[in-house]
Structures are given as structure tokens and as C-alpha cells.
There are 2 protein chains.
Amino acid sequence: MNKSKITIEGAKDYLVKNGINPSYQRLKIFEHLAKSTSHPTVDIIYHELSKEIPTLSKTTIYNTLNLFQRKGIVIGLTIEDNKLRYDSNTELHAHFKCTKCGEVYDIPVEFPPEMNNKVNEHIVDERHFYMKGTCRNCTKNTG
Amino acid sequence: MNKSKITIEGAKDYLVKNGINPSYQRLKIFEHLAKSTSHPTVDIIYHELSKEIPTLSKTTIYNTLNLFQRKGIVIGLTIEDNKLRYDSNTELHAHFKCTKCGEVYDIPVEFPPEMNNKVNEHIVDERHFYMKGTCRNCTKNTG
DNA sequence: TTCTCTGCAAACGCTTTGCACGGAT
DNA sequence: ATCCGTGCAAAGCGTTTGCAGAGAA
């Protein structure tokens, strides 16, 4: 699945197709994730969507994102040790987190094909690759 | 620095060389990390070292590992979202975590040299690459 | 009615902080 | 006397769980 192919209009069908009852909250949460480029945390989603849905609770966001993960339509990113970020792009790619501004960027990478399924005799199910540093915007702004 | 070059005898000198006062607890914690192959969590270190040092507290382990990280002699691994693991091998390498037995293996990898310093105009300070799946031992044992 | 979704409140687990005691210089 | 390391207890914070009320079928 490619994030750019998920339109807001198609979000509802997309949830249904993946066996998810498209409630109002679930739809909003998925839409927010699909159009976000910054791989938001639960807290960010909560503060953002609370504007539209004042009754929204974090519990619902946690429930929903765990459901989405089980259904395979989002992946959880473990970049910080203490909080989870979420990405609706489930294709294999890397992430770059700017330690100055906190933004998380997608980075296209080609993984060596010989480690696609096995590495050192271990069977590989998931691959996670992320980098930290100073992003191009922050480099510009500080000279 | 290469983990295999750190002998237990040399640990004290190694701490001093890196500007760390080699107290008994710090020495024991570093030694444990240096000879461990499983990238232990604070909890694992605590239970292991408590046998030798019954008065040891987790606070001391947290304090010590944070100090070690600041001094650059260990790195924190964010593989699970909820707990930190520690590695005294500060050379660039990948990790494989077995979701069956929980063991974490070192994996030598060559990163594409073109992403050593910059990627998509972003300045890269840290690179983290880890995989999850079933390790060779668990594959054998379950057939 | 029955089943599912939502959301408050409490619990949980890892990590950090506050602080006092003890040892070394 | 001063400084630093240690460790108990409490706080902090992200996440999960228990549960009751609301809503859909």
C-alpha cells in the first residue's frame, strides 16, 4: 500500500476492505494519519483531533491504533524509547528524526535483497531503520 | 571501539580513560555489559548483579547507564517501545530480536556509504537498524 | 435485546527526580 | 568540611485495563 494512494474519500472503503467497522472516530484518526507527514504520536493526534471532536479520548486513539496495527494498515515506529509514533505507509522505508525540531521524515531505502527473508540464519519478519540528526530545514535556519 | 577488545581486567582503565570514576558498582555494571551478548535491560542487569551486590538499586543502574551513554561508551537500543536495552559495542551494526525467545543478536551490516553523513540533505548523527523475527535456535526447536 | 464502540478512571511498568546517608579526599 | 556516589521512596509519563453508558443492528 502506498500512502499517496489513500484519498480521504477512499478512507472509509479502505477501512471496510480491511475488516474495520468505519466509525466516526476511526475514520477521523485514519484520515489524520493518512494526510500527516510527521508520523504523529497519540498525544499529537489527540490534540489535533480534539478541535473537531471535543469528546474524543486518548483511550479511543489507543484502541483504534492498536486495531489498525493488528489489521496491518498502520505500523508503529519505535524511534523514541518512551513513545510510539504511527505511520500509515506500510511499505518498507526508513525514517529520519530531526533532534532539533522533532520532525520525522520518510526516507526511501533499498534494503540489500539478501537480507529480505533471512539474515545469519534468522528468519526476518520486520525491518526497522531510522536515523537521527539535523534536518535540512534546521541546518538552513541555524546557518 | 570493539567490544571484544574490552577485557574485564582493562575495564577499570577503560572507565578512567573515558573520564568515569570507577566505583565498584560502575565497574560491575560495565563488566556485565561488556561480557553480555544479549543487550540486557536495566531489569536484567539488576537481577543478575543483585546476586553479587545485594544492596544494588535500580536507581544506581539507571544513573550509571545514563552516565555511560553521556560519555559515549555504551549506546541505548530502542527495540521495544517500552524498555531500553544497552550495548557496549558502539561500532555501527544492526540488531536482530527474536520475538519467540527475546534474545537480541548483533548483525554486522554495511551501510551504503552514501548515507554515512547525509541523506536527503539531512545531516545524520545516528543510525539504528534492527529486525524482528524468529532466530535460528527457535526455528530449529520448533521444527 | 445483543453486540460493539467510546471514554472516564484507575492501574501498570519503565524511568526520572528528590533527598538523605555514607564514604573518600 | 566538602564532594560525590548510592539507594530508598515518590513522582512522572506513556500505555493498558476495567467497566459502565451510549449507540447501532
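The sequence lines fix the lettering, A, B, ..., with proteins before strands; numbering per chain opens at 1.
One atom, CD1 of A/Ile29, and another, P of C/dT6, lie 7 Å apart when rounded to the nearest Å. Atoms CG (B/Asp81) and P (D/dT15) sit 8 Å apart, rounded to a whole Å. Atom pair A/Glu80:CD and C/dT16:P shows a separation of 14 Å (rounding to whole Å applied). At whole-Å resolution of the value, CG in A/Leu27 and P in C/dT4 are 20 Å apart. Taking atom OH on B/Tyr46 and atom C1' on C/dT15, their separation rounds to 15 Å, with Å as the unit. Rounded to whole angstrom, the span from the CZ atom of A/Arg85 across to the P atom of D/dG14 amounts to 12 Å.
Under the 30°/60° scheme for interplanar angles, the aromatic rings of A/Phe129 and B/Phe129 are found to be tilted.
The base of C/dC8 sits with one of its N or O atoms less than 3.5 Å from a complementary donor or acceptor on the side chain of A/Thr59.
Comparing A/Leu84 and B/Arg26 along DNA chain D, the residue whose closest nucleotide (by nearest heavy atom) sits nearer the 5' end is B/Arg26. The nearest heavy atom of DNA chain D to B/Asn63 and to A/Tyr86 marks one nucleotide each, and the one closer to the 5' end goes with B/Asn63.
No contact: A/Thr41 has no heavy atom under 4.0 Å from any strand.
Across all their heavy atoms, B/Glu48 and B/Lys51 have their closest contact at OE2-NZ, 3.1 Å.
Screening A/Leu33, A/Ile44, A/Ile29, A/Leu77 against A/Tyr86 for a side chain to side chain contact (heavy atoms under 4.5 Å, CB included) leaves a single residue, A/Leu33.
Residues A/Tyr105 and A/Glu103 have side chains in contact (heavy-atom distance under 4.5 Å, counting atoms from C-beta outward).
Out of C/dG7, D/dG5, D/dG14, the shortest distance to the side chain of B/Asn21 is found at D/dG5. Relative to the side chain of A/Thr60, the nucleotides C/dT15, C/dG7, D/dT15 differ in distance, and C/dG7 lies closest.
A sub-4.0 Å separation between OP1 or OP2 of C/dT4 and a side-chain N or O of A/Ser23 is absent.
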